[in-house]
Amino acid sequence: GELGERVDISVEGVLDTEVAVEDADWLVVAELDELNLGTIAGYFPEVAGLPRGGLGDLSLWLEIASSQIQHATAQVELER
């Protein structure tokens with residue numbers, strides 16, 4: 001596809017009727033394989049320094065609590 005070869009996104013959390021969804025704890029994981037870096041730069045033209053081409057793999061983990069990102073981890077592998 002235009003963005004990449006494969007995009008996987010998963011969301012884990014506990015839905016509890018006693019806790020509002022926006023106050024719950026969540027883990028969001030996104031994995032993008034063979035990501036077209038030129039396409040990403042096109043989505044964010046105002047951000048200087050983004051690659052204008054090439055491919056890469058990206059894994060992103062976000063731990064969210066009370067609608068705030070508490071911890072973020074990214075693993076990036078770039079190719080020409």
Side-chain angles (χ1 to χ4, degrees):
E2 180 181 311
L3 183 60
E5 186 175 300
R6 191 183 102 226
V7 176
D8 290 327
I9 299 174
S10 67
V11 179
E12 294 179 23
V14 176
L15 296 178
D16 183 345
T17 57
E18 306 266 327
V19 178
V21 171
E22 60 271 9
D23 293 330
D25 294 342
W26 301 95
L27 174 62
V28 178
V29 178
E31 294 188 32
L32 298 95
D33 292 339
E34 298 295 316
L35 179 64
N36 181 330
L37 300 174
T39 300
I40 296 298
Y43 288 130
F44 303 99
E46 68 282 355
V47 178
L50 290 177
R52 300 211 182 272
L55 298 174
D57 297 335
L58 171 66
S59 297
L60 179 65
W61 297 267
L62 299 174
E63 294 177 21
I64 302 170
S66 300
S67 299
Q68 299 290 317
I69 296 174
Q70 302 297 313
H71 187 80
T73 303
Q75 180 179 350
V76 179
E77 182 178 323
L78 301 177
E79 303 171 19
R80 289 190 125 185

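Just so it is clear, the values below take in all heavy atoms, side chains as well, and ignore hydrogens, waters and symmetry mates.
- For the pair Leu60 and Ala74, the tightest heavy-atom approach, listed with the atom from each and the gap, is CD1-CB, 4.0 Å.
- Between Gln75 atom CD and Asp57 atom CG the span is 9.0 Å, to the nearest 0.5 Å.
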Checking Leu37 against Leu78 for the side chain to side chain contact (heavy atoms under 4.5 Å, CB included) test, could you report, in this order, the C-alpha distance in whole Å, the side-chain angles of both residues, the deciding distance, and whether it holds? CA-CA 9 Å; Leu37 300 174; Leu78 301 177; 3.7 Å; yes
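- Residue Ser66 comes nearest to Asp25 through the heavy atom pair N-OD1, 4.4 Å, listed as atom of the first residue, atom of the second, then distance.
- Atoms CD and CD1, on Glu63 and Ile69 in that order, are 11.0 Å from each other to the nearest 0.5 Å.
- Side-chain heavy-atom separations under 4.5 angstrom define the hydrophobic clusters, and the remaining members of the one that includes Val29 are Leu27, Trp61.
- Residues passing the side-chain hydrogen bond (donor to acceptor under 3.5 Å, both in side chains) test with Thr73, sequence neighbours excluded: His71.
- Atom CD of Glu12 sits in a sparse spot, with 12 or fewer heavy atoms from other residues, nucleotides or ligands closer than 6.0 Å.
- There is no path of hydrophobic side-chain contacts, each under 4.5 Å, that joins Leu55 to Phe44.
- The distance from atom CH2 of Trp26 to atom OG of Ser67, rounded to the nearest 0.5 Å, is 10.0 Å.
- Side-chain contact between Ile64 and Val28: present, with at least one pair of heavy atoms (C-beta onward) separated by less than 4.5 Å.
- With rounding to the nearest 0.5 angstrom, the CD atom of Gln68 is 11.0 Å from the CG atom of Asp23.
- In terms of heavy-atom proximity, Pro51 sits nearest to Ala41 at O-CB, 3.3 Å.
- Sequence neighbours left out, the pairs with a member in residues 27-53 that pass salt bridge (charged side-chain N to carboxylate O under 4.0 Å, His left out) are Arg6-Glu31, Arg6-Asp33.
- With Leu32 as the fixed residue, the side-chain contact (heavy atoms from CB on, under 4.5 Å) test singles out one of Ile40, Leu58, Asp8: Leu58.
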